[in-house]
Amino acid sequence: MSTRTPSRSARRTEPTLDSLTRGNSQLRRQLAALRHDHAELLVAARAAVVAHYDGQALPLTVLIDTLDQLDALPEYAPQLTDTALAAVAPGTDSGTGIATGTAALVGRRIA
């Protein structure tokens with residue numbers, strides 16, 4: 001029979017009431033923040049739909065502003081038209097179509 005004691009990594013400590021309470025409080029705060037963000041997005045989406053129905057010029061403005069406040073606005077990278085592409089990169093190789101200008105292009109986007 002071996003008289004070896006289990007190593008420290010093999011021992012498991014039982015969670016204390018204090019650690020469980022702290023963990024529960026943190027999860028409740030996170031859930032409250034998620035509910036708040038969800039409610040704000042829902043209000044902004046409804047406002048965008050109502051603005052569209054009313055025929056306003058920029059119905060997505062409220063939704064875009066709300067997404068921006070929540071740091072959830074996706075990065076906007078507009079596609080370049082042929083005219084804009086020619087203006088940005090006037091020197092392109094006619095054989096390959098690769099821009100030889102100074103602007104860094106990725107497909108039809110400026111990198």
Side-chain angles (χ1 to χ4, degrees):
M1 247 201 206
S2 174
T3 59
R4 294 177 56 196
T5 59
S7 65
R8 288 181 185 242
S9 61
R11 290 185 206 165
R12 291 193 176 192
T13 59
E14 293 294 321
T16 63
L17 182 60
D18 186 47
S19 67
L20 290 174
T21 303
R22 274 187 276 120
N24 189 21
S25 297
Q26 182 182 5
L27 289 174
R28 284 179 179 266
R29 284 192 303 273
Q30 288 175 350
L31 181 60
L34 285 173
R35 284 181 174 166
H36 178 264
D37 291 352
H38 179 265
E40 282 198 21
L41 287 172
L42 188 58
V43 167
R46 287 179 176 163
V49 170
V50 168
H52 173 71
Y53 287 160
D54 289 344
Q56 292 183 7
L58 300 170
L60 293 177
T61 304
V62 173
L63 184 57
I64 291 170
D65 290 343
T66 303
L67 286 170
D68 190 29
Q69 288 174 356
L70 297 174
D71 290 330
L73 191 63
E75 185 177 327
Y76 178 66
Q79 296 288 324
L80 296 175
T81 63
D82 291 333
T83 307
L85 188 60
V88 170
T92 56
D93 184 4
S94 59
T96 61
I98 297 175
T100 59
T102 58
L105 296 176
V106 177
R108 300 182 71 81
R109 298 177 187 206
I110 298 176

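No hydrogens, no waters, no symmetry mates; every other heavy atom, side chains included, goes into these values. These numbers were taken from a predicted model, which means no experiment stands behind them.
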Would you mind listing the cluster partners of Leu20? Hydrophobic ones only (ILVMFWY), side-chain contacts under 4.5 Å, chaining allowed. none
Roughly how far, to the nearest 0.5 Å, is CG of Leu34 from CG of Leu27? 10.5 Å
Any residue meeting side-chain contact (heavy atoms from CB on, under 4.5 Å) with Pro74, in chain and number order, not counting sequence neighbours: none
Other members of the hydrophobic cluster containing Ile64, with the 4.5 Å side-chain heavy-atom rule, please. Leu41, Leu60, Leu63, Leu67, Leu70, Leu73
Calculate, to the nearest 0.5 Å, the distance between atoms CG and OG1 belonging to Leu17 and Thr21 respectively. 4.0 Å
Sequence neighbours excluded, every pair satisfying salt bridge (Lys or Arg N to Asp or Glu O under 4.0 Å) that has a member inside residues 14-32: Asp18-Arg22
Other members of the hydrophobic cluster containing Val49, with the 4.5 Å side-chain heavy-atom rule, please. Tyr53
Which residues pass the side-chain contact (heavy atoms from CB on, under 4.5 Å) test with Gln69, sequence neighbours left out? Glu40
